[in-house]
Asks: 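So that we are looking at the same thing, I have put the structure below in C-alpha cells.
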Amino acid sequence: MRSRKILVIEDEAPIVRLLKYNLEREGYEVRAARDGEDGLKRFRSLRPDLVILDLMLPKADGLDLCRIMRSESRAALLILTARKEEADRVVGLELGADDYVTKPFSVRELLARVKALIRRSGGLPPAGQPMRFGSVALDPERHEVTVGKRPVHLSSKEFALLKTLAEAGGRVMEREKILETVWGYERSSEIDTRTVDQHVARLRAKLGPESARIVTVKSIGYKLKTN
Ligand code: CA
C-alpha cells in the first residue's frame, strides 16, 4: 500500500520538526510549508491525504485556507489552534475542517487524531482518483463525469453539486447546506433553495439512467445513493 501523504502547514519550526519526526516514524510521508501561500502551492502539487493546518499563519488567513482546500479536495483537515473557541467555530461552522487539536498539544493525542482521520478516509479512493457510484464516475481532478462510457457535460455548479452529494457519502444534505457549499460567496438574493432544486432537476436529466441516484428527502434536502 502506498504511504499516506501529510502536509503540515505551520510557521513554528520546532512544531514542524516535532510533527515531521513523529509522523514519519508512523510511516507517513510528510511535507511542510511555513506560510499560507507556500502551503496552498504545496497542497495543490502534493495532493495530500491529510493536512495539518495551523490557523495563525503569515501571508494567509487560516480560515480562508481551510475553505479553499476543502473546496478543492477531499483531504482530511486537522486544525491546530491556540484558541479553543476558534476551533469550535471552524469545525462547527463547517468551514470544512474535520477535527482540531488545541495548542499546546500532546503528540500522542495528535497522532491518534491523525490515524482516526486517515482511517475514516480509507473508504474513499485516494485523493485524485475518480469517485464511483453505480455506473457514474466523477473525476474531481479532471472535472469530468461519465455514466458508463458516456461523458456527461455538466456546468460547474452541476458538477460541484454532484461532487458535494458524493462526498457526503450517502448522508442527507440539507438544501441550505448545499447552497452554502456549492454557491458560497457567489450567493446573491436571487439564489435560494429553489436554485438547488432546479440544479438537481438538470443534473438528474443529464445523468439519464442513473438519475434515481439523487434521492429527494422530503422537506430536508437530497442524498446520493452511492451503492
Ligand atoms: Ca502559527
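Just follow the structure's listing: the first ligand is 1, and inside any ligand the first atom is 1. All residue numbers in this chain count up from 1 along the given sequence.
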Asks: Report, as a single number, the protein N, O or S atoms less than 3.0 Å from the Ca ion (ligand 1).
Replies: 3
Asks: Does V200 reach the side chain of I178, with side-chain heavy atoms less than 4.5 Å apart?
Replies: no
Asks: So, do E72 and R44 sit near enough that their side-chain heavy atoms are less than 4.5 Å apart?
Replies: yes
Asks: What pairs of residues pass the ring-ring contact (aromatic ring centres under 6.0 Å, His included) test when at least one of them lies in residues 152-182, not counting sequence neighbours?
Replies: H143-F159
Asks: Kindly check if the number of other-residue, nucleotide or ligand heavy atoms within 6.0 Å of CD (E174) is above 12?
Replies: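 No, the 6.0 Å shell around CD holds no more than 12 heavy atoms from other groups.
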Asks: Using the side-chain hydrogen bond (donor to acceptor under 3.5 Å, both in side chains) rule, collect all pairs that involve residues 192-201, keeping only residues at least two apart or in two chains.
Replies: R175-D197, D192-R194, D197-Y222, H199-R202
Asks: Filter on salt bridge (charged side-chain N to carboxylate O under 4.0 Å, His left out), then keep only pairs touching residues 204-219, sequence neighbours left out; what's left?
Replies: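 Sorted result for residues 204-219: E158-K206, E210-R213.
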